[in-house]
Amino acid sequence: MSQPVLSLWINGKAQASTGSRTAEIFNPATGKAIRRTSLANKQDVDLAVAAASAAFPGWRDTTPLRRARVLTRFRELMEAHSGELIHLTSEEHGKTHSDAAGSLQRGIEVIEFASGVPHLLKGEKAEDVGRGVDCHSLLQPLGVCAGITPFNFPVMVPLWMFPVAIACGNTFVLKPSEKVPSASLRMAELFREAGLPDGVFNVVPGDKEAVDGLLTHPEVRAVSFVGSTPVAKYIYETAARHGKRVQALGGAKNHAVVMPDADLDFTADALIGAAYGSAGERCMAISTVVAVGAAGDPLVEKLRDRADRIKVGPGEEKDTDMGPLITAPHRERVQKLIDSGVSEGAKLVRDGRGLKIPGKETGFYLGPSLFDKVSTTMEIYKEEIFGPVLIVLRANNIDEAIRIINNNPYGNGTAIFTRSGAHARRFEHDIEVGMVGINVPIPVPMAFFSFGGWKASLFGDLHVHGMEGVNFYTRSKVVTSRWPAVEEESSTSLSMPTLG
Ligand code: NAD
C-alpha cells in the first residue's frame, strides 16, 4: 500500500509541492516507515515567501493587541490539542509521552510570552533632549522571517521562533526537519483556526534545496536556525552573505562538574535524567561529567546502578523511561563512537549496544552506555554523540574542571553540583558557556529569558525568545522631534547640532 504524502502549508492551506521529491518518515519505535513528506523545491519556497510577503503589510498594521489575541487563542488551541501533538512528537521522534508533554509545555510558554507583545514592543522616550526637542524609539517588524529547525524537538524548537516573530508583526516561513514535519503542519492549521490571516505563517518541509531557497531569497529578511554546528555555520555564512540577519544555534557538548562536597545521590539522579532523557538527543543533554577528586569512584558506581534500571522501549508505552534513536543510521553512528571509545582505552562501565526489545526488534533502540576515565583526546570526548552515552572525565580540582570546559569548542550548557557557594560563584563567573545550572542539570531558561549558547554553539549575536528574541525580530527606529511655535525665532547653522 502506498504511504500518504504530507503537503506543504502555504497561504493558509495545504498545498501539494510543485515537484515530486518526497522522503520517508519513520516511527523509530517500530523502525517502520509510516508516511512520506513532500520535499519543497525552490519554486515551492518562492510561493511560500510570496504569500508571506503579500501578508506582511496587513499583519504589520494589525495592532499588537489584536495580534496578541490571536496568539492567546492559538495557545488555547495548542492546549486543547495537546494529546494529538504529544502523539505526533512521540510517533515521529520516539520521545516518551512525558518528555514530549514537557517539551510541548515549554513551547506553549513561548506563545504565552509572545502574547505579551504589546508590552514588549514599547519603545523609550526622553523629553527635552534639547530645548523643545524630544526623542523616542520604536520597534518595528522586519518583514518575512524564516526558521529552520532540527529533528529533536518537533514542537518546541519551532515554537522558540515563529510565535515571537509573528507577534512582533513579521510573517514567517518555517522549514521543519524532514524527519518530523507533521507537528509543524498541525500547528499551522491550529494557528489559522485561531484567526491568523492566510500567508502569515507558512510551512515548507524539505531538505537542503528548501533551505538554500530561503537563505538566498531577496525577500527573506532574517533567518533563525537550530541544528548541528557544521550546518549552523553554513546557514550563518550563506544567509549573512545574502544580507540577512541570522541567529544560528548549533550543537553542544555539555559538561557537568561534580565537586566532592556534592550530595552524590541527588547528583546521580539529576545526571541520569539529563544524560539519558530523550535518548540523549537533546542539545541540553549532559553528555560529559567532570568528576573532581574523591567524587569520581562513588559517583560512577551510582550512575551505573541507576543506568541499569532505565527501562528502554517505545515512547508511547506508559512505563518507558527512554525511547529509541531517530534513525537506523544515527544509531549506527552512535554505536561506532562507543566502539571507538573502547578501542581508545576508555573504561566502558555499562554497554548499551546490542539491546533488543521483544516484539520491537526492528526499532532503533540502544541501551544506556557509560564510560569512565575518558580523556579529552578521545573521539567520544571530541564528538557530539547525540545518543544515550554518558562519559566521565576525572579532574583534580575546580581549576582543572573549568579549564577542560573552557577549552572545549562548544559552549551551550553546563552545570556544577556542589554544596559550596564559593565554588558555585566561581564557576558561574569563569565558565565560558551560555547557559549554566547550579545543582540543576539542564539549565533551560524560561520563555521570558533567552535561550542560546556561546562559541561553536551559536553563530550570530542574539539568542532565541525572551527580549533577545524580540530584538532579533524587530529593528529599532529613533525619532527626534521638535514642534516650534509659529512665532518662534530660527536661525541657520552649519555646525553639528547639539540641541542644548
Ligand atoms: P541538522 O543540522 O542535521 O539539521 C537541522 C536542519 O537543517 C534540518 O531542518 C535539516 O533539514 C537542515 N539541514 C541539514 N543539513 C543541511 C545542509 N547541508 N544544508 C542546509 N540545511 C541542512 O540537525 P539535526 O540532526 O536535525 O538536529 C540535531 C542537532 O541539532 C544536534 O547537533 C543538536 O545539538 C542541535 N540542536 C541544537 C539546539 C540548540 O539550542 N543549540 C537545539 C536542538 C538541537
Side-chain angles (χ1 to χ4, degrees), residues 94-103 106 152-153 252-292 295-315 317-325 334 337-338 341 346-353 355 357 365-374 380-381 384-394 401 412-419 435-444:
K95 277 183 202 298
T96 62
H97 196 275
S98 61
D99 194 38
S103 58
R106 299 312 291 261
N152 66 324
F153 284 107
K253 193 82 180 173
N254 304 318
H255 300 62
V257 172
V258 181
M259 298 303 294
D261 62 15
D263 175 335
L264 292 186
D265 282 307
F266 170 84
T267 304
D269 284 338
L271 291 178
I272 286 289
Y276 301 116
S278 198
E281 292 173 334
R282 284 183 186 142
C283 63
M284 292 302 277
I286 290 289
S287 56
T288 306
V289 170
V290 184
V292 175
D297 290 345
L299 180 69
V300 169
E301 207 179 303
K302 287 176 193 297
L303 289 171
R304 192 204 40 229
D305 288 351
R306 284 162 174 79
D308 280 343
R309 294 202 294 270
I310 292 174
K311 183 162 187 308
V312 184
E317 280 181 13
K318 251 203 167 116
D319 57 346
T320 296
D321 298 315
M322 188 179 102
L325 292 179
V334 176
L337 280 162
I338 299 172
K347 184 175 172 201
L348 186 57
V349 177
R350 189 182 195 286
D351 188 355
R353 293 171 296 182
L355 176 76
I357 307 294
Y365 299 99
L366 191 62
S369 292
L370 177 65
F371 276 106
D372 191 13
K373 310 267 170 76
V374 173
I380 49 170
Y381 179 75
E384 179 187 27
I385 300 176
F386 222 55
V389 182
L390 179 61
I391 64 174
V392 180
L393 280 71
R394 305 292 188 106
N412 211 42
T414 190
I416 185 168
F417 287 84
T418 181
R419 284 194 177 101
M435 293 174 279
V436 180
I438 295 171
N439 297 316
V440 172
I442 308 186
V444 182

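As a basis for the values below, the full set of heavy atoms in this structure was taken, side chains included, without hydrogen atoms, waters or symmetry mates. Residue numbers run from 1 in the order of the sequence given. Being a predicted model, the structure only gives us computed values, none of them experimental.
Here Asp269 does not pair with Lys302 in a salt bridge; the nearest charged N to carboxylate O distance is not below 4.0 Å.
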*For Ile380 and Ile338, run side chain to side chain contact (heavy atoms under 4.5 Å, CB included): C-alpha distance rounded to whole Å, both residues' side-chain angles, the deciding distance at 0.1 Å, then the answer.*
CA-CA 7 Å; Ile380 49 170; Ile338 299 172; 6.0 Å; no
*So Glu281 and Val334, side chain to side chain contact (heavy atoms under 4.5 Å, CB included) or not? Walk me through it.*
CA-CA 11 Å; Glu281 292 173 334; Val334 176; over 6 Å; no
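With sequence neighbours excluded, the residues that form a salt bridge (Lys or Arg N to Asp or Glu O under 4.0 Å) with Asp263 are Arg419. Applying the side-chain contact (heavy atoms from CB on, under 4.5 Å) criterion to Asp308, with sequence neighbours excluded, gives Arg304, Arg350. Remark: Pro443 engages Met284, Met435 in a side-chain contact (heavy atoms from CB on, under 4.5 Å) (not counting sequence neighbours). The side-chain contact (heavy atoms from CB on, under 4.5 Å) check on Thr267 picks up Val258, Ala262, Leu271, Leu299, Phe417, with sequence neighbours excluded. Under the rule for a side-chain contact (heavy atoms from CB on, under 4.5 Å), the partners of Ala252 that lie at least two apart in sequence or sit in another chain are Asn254, Glu384, Asn412. Remark: Arg106 pairs with Glu109 by the side-chain hydrogen bond (donor to acceptor under 3.5 Å, both in side chains) rule, at least two apart or across chains. Partners of Thr418 by side-chain hydrogen bond (donor to acceptor under 3.5 Å, both in side chains), not counting sequence neighbours, listed by chain and number: Asp261. Residues that satisfy the side-chain hydrogen bond (donor to acceptor under 3.5 Å, both in side chains) test with Asp351, not counting sequence neighbours, are Arg353. For Phe386, the ring-ring contact (aromatic ring centres under 6.0 Å, His included) test picks out Phe151, with sequence neighbours left out. Under the rule for a salt bridge (Lys or Arg N to Asp or Glu O under 4.0 Å), the partners of Asp99 that lie at least two apart in sequence or sit in another chain are Lys95, Arg282. The salt bridge (Lys or Arg N to Asp or Glu O under 4.0 Å) search around Lys373 returns none, not counting sequence neighbours.
Looking at every heavy atom in both residues, Ala415 comes nearest to Ile286 through CB-CD1, 4.4 Å. Here the closest non-hydrogen pair linking Ser369 and Tyr276 is O-OH, 2.8 Å. Shown here for Pro368 and Ala307, the closest heavy-atom pair between the two residues is CG-O, 3.9 Å. The two atoms that bring Gly94 and Pro324 nearest to each other are O-CD, 3.4 Å, heavy atoms only. Residue Gly323 comes nearest to Val312 through the heavy atom pair O-CG1, 4.3 Å, listed as atom of the first residue, atom of the second, then distance.
Taking the side chain as every heavy atom from C-beta outward, Leu337 and Val389 never approach each other to under 4.5 Å. Between Thr96 and Asp321, the closest side-chain pair of non-hydrogen atoms is not below 4.5 Å. Residues Val292 and Pro260 are in side-chain contact: their nearest non-hydrogen atoms beyond the backbone lie under 4.5 Å apart. Side-chain contact between Glu301 and Leu264: absent, with no pair of heavy atoms (C-beta onward) separated by less than 4.5 Å.
The only option from Leu325, Leu370, Leu355 that meets the side-chain contact (heavy atoms from CB on, under 4.5 Å) definition with Pro388 turns out to be Leu325.
Between the OG1 atom in Thr288 and the NE2 atom in His255 there is a gap of 4.5 Å [rounded to 0.5 Å]. Atom CG in Asp305 sits 9.5 Å away from atom CD1 in Ile272 (nearest 0.5 Å). Ile391 contributes atom CD1, which lies 12.0 Å from atom CG of Leu348 (distance to the nearest 0.5 angstrom).
Within 6.0 Å of NZ in Lys311 there are more than 12 heavy atoms belonging to other residues, nucleotides or ligands.
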